Amino acid sequence: MIEITFKDGSTRQYDEGVTPEEIAGDIASGLKKKSVGAYVNGELFDLNRPIEEDAALHLITKDDEEALEILNHSSAHLLAHAIKRLYPDARFGVGPAIEGGFYYDIATSESITEEDLPKIENEMRRIVKEAHPVKREVLSKPEALERFKDDPYKLEMLEDFDDSEVITVYTQGEFEDLCRGGHLPNTSRIRHFKLLSVAGAYWRGDSSREMLQRVYGTSWYTKEDLDQYLEMLKERKERDHRKLGKELGIFMLDEKAGQGLPIWLPKGYTVRRVLEDYVYELERRSGYKHLSTPVLGTRQLYEISGHFKHYRDDMFPLMELDDEAYVLRPMSCPHHAIVYSSALRSYRELPIRYAEIVTQHRYEASGALSGLERVRAMTLTDAHIFARKDQIKEEVLSAYRLIQKAIDDLGLEIDYLELALRDEGTGKFHDDDELWNEAEKVMKELLDEAGIEYKEMKGEAAFYGPKIDVQVKTALAHVITMSTVQLDFLLPERFELTYIGKDGRKHRPVLIHRGLLSTWERLMSILLEQYKGAFPTWLAPIQIEIIPVSDVHHDYARDLNRKLIEKGLRSEIDDREEKLGYRIRAAQTQKIPYQLVIGDQEVENDTVTYRRYGEKEQTTLSVDAFIEHIHDEVRRKK
RNA sequence: GCCGCUUUAGCUCCAACAGGUAGAGCAAUUCCAUGGUAAGGAAGAGGUUGCUGGUUCGAGUCCAGCAAGCGGCACCA
């Protein structure tokens, strides 16, 4: 007999070899149905895995977070099982559960396309119906090597195991797979799933190795959950910034203009100008000095900075002429370092904060380009803070607070922070250990002291130093890097930057790189998605659409339009010879925040009647009250 | 860059899917209708079917190469 201790501290006696499933059934039949796995002394157990010794048992039910992972993981096996039947020569890489679903990496002689997915799904359903028990088996490494001798990918994975490590194999019907588990005890427990797409994926995530085919799918415990997830995917398409950007005239891409080189259309540029003005003012108030530097720089400049050595693959190639060579700048820190060094600096001047709206060019891989989200020419508000070492913490934190404010003003939310650190021995980072250790230590300290949580990301640092990346989540759970604060001890060395200290001697300042709101391109893609194209009034390219009922109201409407524009508002008039309903519909489709219908009543009383985008209610105000109303919204960034 | 898919009028198309020489809706244009909160009516116009080759008597339809876009991977603001 063994003793099982439950969550609430109570205990019960069972025969040795009892399974979590049996125990669940012993407690309540409903619990047995709901259970999908268990923790036995903290170790993840399958429901049907025997417990051999006294243990603390925690059953995982469908309501627990881990439950979906178990389901998706089992679904991946189900997928592989079906593929193996349909493509007998298939070999398998890895097949994990991921956020929102699962995938399996597969090598077949015949390529799988999306048209094959229904066929594979049907086979999966057949295997579900066949209700195969899922059995776990422990093997020694030599046994495992023998068992998978025909599967090169599994063999390669096995090589990484220690000889002493527990290796497990899961079998369902004629299909078996090397796998850590846990799994549902029977294929019949997978019900509501759908295969979503096929894509290529490098074996072991290594671009120098062969590419496998990855089939993506999603699996849920109820039909409602599955439908809801599929609905979310549909909604994501509806909100896609590329679709909205085209419909609303925000930006365009053109093959002849160049891949990854977006063109800002008048409406998009209007929004961008509002953002630029906003950021300029925000920075001015926060002690930043604005300047402007060129898009081209000499090769020498980027050799000094180290970009030429560490960043060359991301740069457009050299332009050589006469005796000089130039590059399109990928970053603006070298220019700002030059400006810093153009005068003798005193410790009293520091920190010096330079900000600039810069256009940068980066040679992004063609396959990485995507709408406004990944481009090759980008414009952003970039800043570099030159500070004394004793000012680092305060400056990094105040940069972070500025970021928080800007993100909040835009109606977005910070999801989490990443602290990107270096990974020694990759060659991606400069090699002064002392500088690295010091920089990483300060960053951790200041975050810890301020009680700010973060995720450490090894190997994600910039080549010149560690960085704090601010991740923002949109309305559709789309997480993206929005802002960054980077600590750099290297460039000040490279550019031999100095300031005169209290002691009359020269000292080295530190450089803090600060990216506030990503790039205007990426920010626009996020805002389009966030607001589904319906910009808040302060950002909207057209804030007011005036629609005169008929010809007799044109003069009043035009005067009104002029007046609104005069008052700094973005107003437009639609006096086309079309029916009222037609023009109202046009204004609504363009998601214009305020739609003003002007008829006899308005002309007579010198008023406007407006309807907000998406609402039915109509409000009549005097012209002056209306202007004040809009100005108030703009001030409050609504 | 890599794997797969896609590419027909300004936009959107389950039009032309046994290869016979291009069809619709919307938008735009002109005319008629002067209309109070999401599409009034009519007419005409608009395409070397992404580009370059090939197969064929004949190619939007088949084949090859290239380009761009999309889904991922790798890379990343």
Side-chain angles (χ1 to χ4, degrees), chain A residues 103 105 107 111-116 196-216 237 240 242-243 246-247 249 252-260 311 313-314 330-331 360 362-376 378-382 420 428 460 462 467 469-472 480-484 486 513 515-523 525-526 545 547-554 576-590 595-602 609-611 613-618:
Chain A
Y103 67 77
D105 284 351
S111 70
I112 299 170
T113 71
E114 297 200 0
E115 278 146 42
D116 299 321
L196 300 171
S197 61
V198 190
Y202 294 111
W203 169 233
R204 308 209 113 185
D206 181 345
S207 59
S208 69
R209 310 216 41 190
E210 69 189 286
M211 189 157 261
L212 306 179
Q213 297 180 83
R214 177 172 293 180
V215 178
Y216 283 93
K237 265 199 180 137
D240 191 301
R242 290 165 296 199
K243 176 175 146 74
K246 190 186 263 184
E247 284 170 4
M252 64 175 282
L253 287 163
D254 182 84
E255 214 175 305
K256 293 180 285 302
Q259 200 185 10
Y311 206 73
D313 289 348
D314 295 286
M331 293 184 194
Q360 301 177 162
R362 298 186 187 173
Y363 188 77
E364 297 287 337
S366 61
L369 301 174
S370 175
L372 286 179
E373 210 176 310
R374 278 290 283 280
V375 297
R376 286 178 171 168
M378 65 211 85
T379 305
L380 69 153
T381 174
D382 200 9
K428 277 169 70 183
E460 301 288 317
K467 53 180 188 171
D469 281 340
V470 180
Q471 307 294 326
V472 158
I480 199 153
T481 304
M482 175 66 95
S483 322
T484 184
Q486 312 176 349
H513 306 245
L516 187 61
L517 287 170
S518 190
T519 63
W520 299 135
E521 286 77 14
R522 180 171 285 184
L523 180 60
S525 79
I526 293 169
E545 183 80 16
I547 304 173
V549 173
S550 85
D551 291 355
V552 296
H553 312 111
H554 278 184
R576 289 178 297 177
E577 294 290 311
E578 293 287 354
K579 296 282 263 196
L580 192 60
Y582 178 90
R583 288 175 290 149
I584 284 165
R585 184 182 147 76
Q588 293 289 313
T589 334
Q590 283 297 302
Q595 166 198 301
L596 268 47
V597 173
I598 301 299
D600 290 341
Q601 293 164 37
E602 288 73 22
T609 298
Y610 72 77
R611 196 177 113 187
Y613 170 73
E615 290 173 13
K616 286 277 169 219
E617 195 193 353
Q618 294 169 39

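Order of the sequence lines fixes the chain letters, A, B, ..., with proteins taken first and strands second; residue numbering starts at 1 for each chain. Both backbone and side-chain heavy atoms feed into the values below; hydrogens, waters and symmetry mates do not. Worth saying up front: this structure is predicted, and the values here are computed from it rather than measured.
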Next item on the list: Please list, in 5' to 3' order, the outermost nucleotides of RNA chain B lying under 4.0 Å from any heavy atom of chain A.
Entry: B:rG1 to B:rA77
Check: For A:V552, which contact category applies under a 4.0 Å heavy-atom criterion: base, sugar-phosphate, or nothing?
Finding: nothing
Next item on the list: Give, for atom CG of A:D600 and atom OG of A:S550, the distance between the pair rounded to the nearest 0.5 Å.
Entry: 7.0 Å
Next item on the list: With heavy atoms under 4.0 Å as the rule, sort A:Q588 into base, sugar-phosphate or nothing.
Entry: base
Note to self: Measuring only the P atom in each nucleotide, how far is B:rG25 from B:rU6? A whole number of Å is fine.
What the structure shows: 28 Å
Check: Sub-3.5 Å donor-acceptor pair from the side chain of A:Q213 to the main-chain atoms of A:I112, do we have one?
Finding: yes
Note to self: Counting the atoms with a prime plus P, OP1 and OP2 as sugar-phosphate, which does A:S366 contact under 4.0 Å by heavy atoms, base, sugar-phosphate, or nothing?
What the structure shows: base
Margin query: Under 4.0 Å, heavy atoms only, any strand: does A:E578 hit a base, just the sugar-phosphate, or nothing?
Written below: base
Check: How is A:Q213 classified with respect to the nucleic acid when contacts are heavy atoms under 4.0 Å: base, sugar-phosphate, or nothing?
Finding: nothing
Next item on the list: Answer yes when A:D206 and A:R204 have at least one side-chain N-carboxylate O distance shorter than 4.0 Å, and no when they do not.
Entry: no
Check: Base, sugar-phosphate, or nothing for A:T609, non-hydrogen atoms under 4.0 angstrom?
Finding: base
Note to self: What contact category does A:A201 fall into here, base, sugar-phosphate, or nothing, at under 4.0 angstrom with non-hydrogen atoms?
What the structure shows: sugar-phosphate
Item checked: Full working for side-chain contact (heavy atoms from CB on, under 4.5 Å) between A:E602 and A:L596 -> CA-CA 10 Å; A:E602 288 73 22; A:L596 268 47; over 6 Å; no
Margin query: Quiz question: by atom type and distance under 3.5 Å, do the side chains of A:T609 and A:Q618 form a donor-acceptor pair?
Written below: no
Check: For A:G581, which contact category applies under a 4.0 Å heavy-atom criterion: base, sugar-phosphate, or nothing?
Finding: sugar-phosphate
Check: With no hydrogens and no angle check, is any side-chain donor or acceptor of A:R376 less than 3.5 Å from a backbone partner on A:Y363?
Finding: no
Check: Counting any heavy atom closer than 4.0 Å, what does A:G258 reach on the DNA or RNA strands: base, sugar-phosphate only, or nothing?
Finding: nothing
Next item on the list: Map every base of RNA chain B to its dot-bracket character, where paired means a Watson-Crick or G-U wobble contact with both distances under 3.5 Å and | marks a partner outside the strand.
Entry: (((((((..((((......[..))))..((((.......))))......(((((..]....))))))))))))....
Next item on the list: Ignoring hydrogens and angles, tell me if any N or O in the side chain of A:R611 forms a donor-acceptor pair with the backbone of A:E617 under 3.5 Å.
Entry: no
Next item on the list: Give A:T519 one of three labels, base, sugar-phosphate or nothing, depending on what nucleic acid heavy atoms sit under 4.0 Å from its own.
Entry: base
Next item on the list: Starting at CD1 of A:I526, measure out to OG1 of A:T519 and round the result to the nearest 0.5 Å.
Entry: 8.0 Å
Margin query: Students often get this wrong, so: under 4.0 angstrom with heavy atoms, is A:E615 touching a base, only sugar-phosphate, or nothing?
Written below: nothing
Check: Across the strands shown, which category fits A:S207 at heavy-atom distances under 4.0 angstrom: base, sugar-phosphate, nothing?
Finding: sugar-phosphate
Margin query: Classify A:Y582 by what it touches in the nucleic acid, base, sugar-phosphate, or nothing, heavy-atom distance under 4.0 Å.
Written below: sugar-phosphate
Notebook entry, point to check: Are the side chain of A:E521 and the backbone of A:R374 linked by a donor-acceptor contact shorter than 3.5 Å?
Noted result: no
Note to self: By nearest heavy atom, map A:M211 and A:E521 onto RNA chain B; which one lands nearer the 5' end?
What the structure shows: A:M211
Next item on the list: Name the residue closer to the 5' end of RNA chain B, choosing between A:V549 and A:Y363 according to the nucleotide with the nearest heavy atom.
Entry: A:Y363
Next item on the list: Using a heavy-atom cut-off of under 4.0 Å over every strand shown, decide if A:K243 touches base, sugar-phosphate, or nothing.
Entry: nothing
Next item on the list: Look only at the side chain of A:R583 and the backbone of A:P548, and say whether a donor-acceptor pair between them is shorter than 3.5 Å.
Entry: yes
